[in-house]
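For reference, the structure is listed below as structure tokens.
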Amino acid sequence: MRDMLEAKTERIRKDIEAMAQFTASPGGGMTRFSFSGEDRKTREYITSQMEAAGLTVRRDAAGNLFGRREGKRRGAPAVMLGSHFDSVKNGGAFDGPAGVVMGLEVARVLHENGIWTNLPLEFAALVEEEGGRFGGGLYGSRAMAGLLSRESLDIFRDRDGISMARAMKESGLDPDRVGEAVRPKGSLRAFIELHIEQGPILESEGLDLGFVKTIVGITQREVEIIGRADHAGTTPMDMRCNALLAASEAALFIDRAAREAGEGTVGTIGRMEVYPGGSNIVPGKVFFTIDVRSADIERLERVVNTFGSFLKDMEKKHGVTVSVKDKLTVPPVDLCLEILGLFEEEAGKLGYSAKVMQSGAGHDAMIMASITDAGLLFVPSRGGRSHCPEEWTDYEQIKKGVDVIIGTVLALAEASS
Ligand code: HGY
Ligand code: MN
Ligand code: MN
């Protein structure tokens with residue numbers, strides 16, 4: 001039974017290219033924000049592919065899309081596989097969709113070969129993993145894991161001030177029912193995600209696949225520094241409360257603190273907005289984000305905590321007021337070794353080269369690991385590039401990842417011929 005079950009590269013290419021059409025920044029990579037028109041068009045495409053593969057499709061109360069293939073054992077826990085379909089601003093076509101397409105292809109291969117498993121299978125397309133629109137992220141998986149508060153849907157807003165709750169309503173969802181997305185205890189046997197590596201390791205070592213053992217911990221905060229807008233010409237230098245000076249020192253602090261923490265700890269200010277933003281006005285307000293990550297919780301907390309006390313010093317030094325909003329705090333996560341072992345076994349049978357590695361990017365698998373056994377398989381990223389229009393993975397490389405996951409799913413879900 002095993003040798004004929006192979007993914008088809010051509011279908012993978014077709015899916016990725018079809019989904020890549022739905023972007024708000026044509027010519028500037030992928031911008032597919034949750035609960036947007038691009039989200040809807042992509043969801044319609046995925047739904048059509050799920051139905052064609054014989055799946056029963058439903059959208060949960062958080063907006064996640066699932067295609068379900070019943071198992072022989074009624075009421076048994078499901079094996080879930082997939083990834084997210086939202087993107088960052090001006091991102092790439094593979095970050096997220098490669099994992100959704102993996103699910104579609106596994107579903108097709110089982111459907112066309114009439115393979116049934118004892119356990120049911122759920123093919124997932126998750127929303128708002130990136131937080132590109134509302135900040136934070138990992139929203140679809142946190143909704144399933146019961147890690148999402150209803151009030152956060154009112155607090156998290158996009159750049160136009162639209163709350164998640166309002167965007168959900170406009171997308172046909174009822175934010176008051178988001179709790180219904182929580183998966184009952186014991187209802188999942190496993191969660192398997194295929195994802196592009198978003199780093200240079202697999203390509204530089206000439207390997208086909210990566211099997212993730214640990215995903216780094218992540219802290220994301222939003223910082224607002226309030227100084228005083230003043231005339232750039234008439235305000236003496238020693239009479240200014242320049243918000244941008246404090247923010248600039250903060251950028252240098254985060255960079256230095258992450259480097260000093262070492263062991264792969266990273267710190268980034270990815271977004272900074274200066275207000276009112278006139279060339280002849282001393283900046284009165286600056287908004288910026290921080291993103292700190294480490295596989296070592298102590299290092300992660302040290303950078304974040306020292307940054308907090310640094311901001312207090314900035315208030316005194318520059319006569320500004322600083323407020324900080326927590327957007328995401330996830331500790332480092334070890335994934336399921338049983339699933340990692342199955343990945344290794346399948347790759348061995350197929351002759352694909354692979355290594356066990358860490359993920360510097362956050363993924364829904366790190367949240368799903370809190371409610372079920374979670375596995376994450378990487379395929380190479382060309383030049384290690386991601387979160388940019390240049391992001392690329394060969395379709396043949398994705399095919400190899402899907403082949404390994406087919407065998408893994410058959411083992412986990414107890415396939416019978
Ligand atoms: O930010 C991340 O690590 C992921 O791309 N959401
Ligand atoms: Mn990403
Ligand atoms: Mn991703």
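Counting begins at 1 with the first residue of the sequence. Remember, predicted model here, so these are calculated numbers, not experimental data. Every number for a ligand or one of its atoms is a count from 1 in the order of the listing.
Every atom of ligand 1 with a heavy atom of Arg293 under 4.0 Å away is listed here by number and element: 1 (O), 2 (C), 3 (O). Remark: ligand 1 atoms within the under-4.0 Å shell around heavy atoms of Ala361 are 3 (O). Residue-ligand proximity, Glu129 to ligand 1, at heavy-atom distances under 4.0 Å covers atoms 4 (C), 6 (N). Shown in contact with Glu130 at under 4.0 Å from a heavy atom are these atoms of ligand 1, numbered in order with element: 4 (C), 5 (O), 6 (N).
Leu121 has its side chain within reach of Leu110: a pair of non-hydrogen atoms, C-beta onward, lies under 4.5 Å apart.
Residue side and main chain included, Glu129 places no N/O/S atom under 2.8 Å of the Mn ion (ligand 2). Distance check for His84 against the Mn ion (ligand 3): an N/O/S atom falls below 2.8 Å. Under 2.8 Å from the Mn ion (ligand 3) lies an N/O/S atom of Asp95, whether from backbone or side chain.
Cation-pi check for Arg32 over Tyr45 is not met; the charged atom does not lie both under 6.0 angstrom from the ring centroid and within 45 degrees of its normal.
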Query - Audit row: Lys349, Val404, side-chain contact (heavy atoms from CB on, under 4.5 Å) steps and yes/no - result: CA-CA 9 Å; Lys349 282 184 212 163; Val404 166; over 6 Å; no
Requested in this report: Walk me through it: do Lys8 and Arg108 pass the test side-chain contact (heavy atoms from CB on, under 4.5 Å)?
Outcome: CA-CA 10 Å; Lys8 301 279 182 296; Arg108 290 182 192 116; over 6 Å; no
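Backbone and side-chain nitrogen or oxygen atoms of Gly362 are examined, and one is located within less than 3.5 angstrom of a nitrogen or oxygen of ligand 1.
If you check the side chains of Arg133 and Ser36, you find no donor sitting under 3.5 Å from an acceptor. With hydrogens and angles left out, the side-chain atoms of Glu193 and Ser83 include a donor and acceptor closer than 3.5 Å. Looking only at atom types and distance, the side chain of Asp95 has a donor-acceptor partner in the side chain of His195 under 3.5 Å away.
Across Glu128, His387, His84, heavy-atom proximity to atom 5 (O) of ligand 1 is greatest for His387.
Note on Glu130: its N/O/S atom closest to the Mn ion (ligand 2) is OE2.
Judged by the shortest distance from any of its heavy atoms, His363 lies outside the 4.0 Å radius around the atoms of ligand 1.
Within 6.0 Å of atom CZ in Arg58, more than 12 heavy atoms from other residues, nucleotides or ligands are found, so the atom counts as buried in its surroundings.
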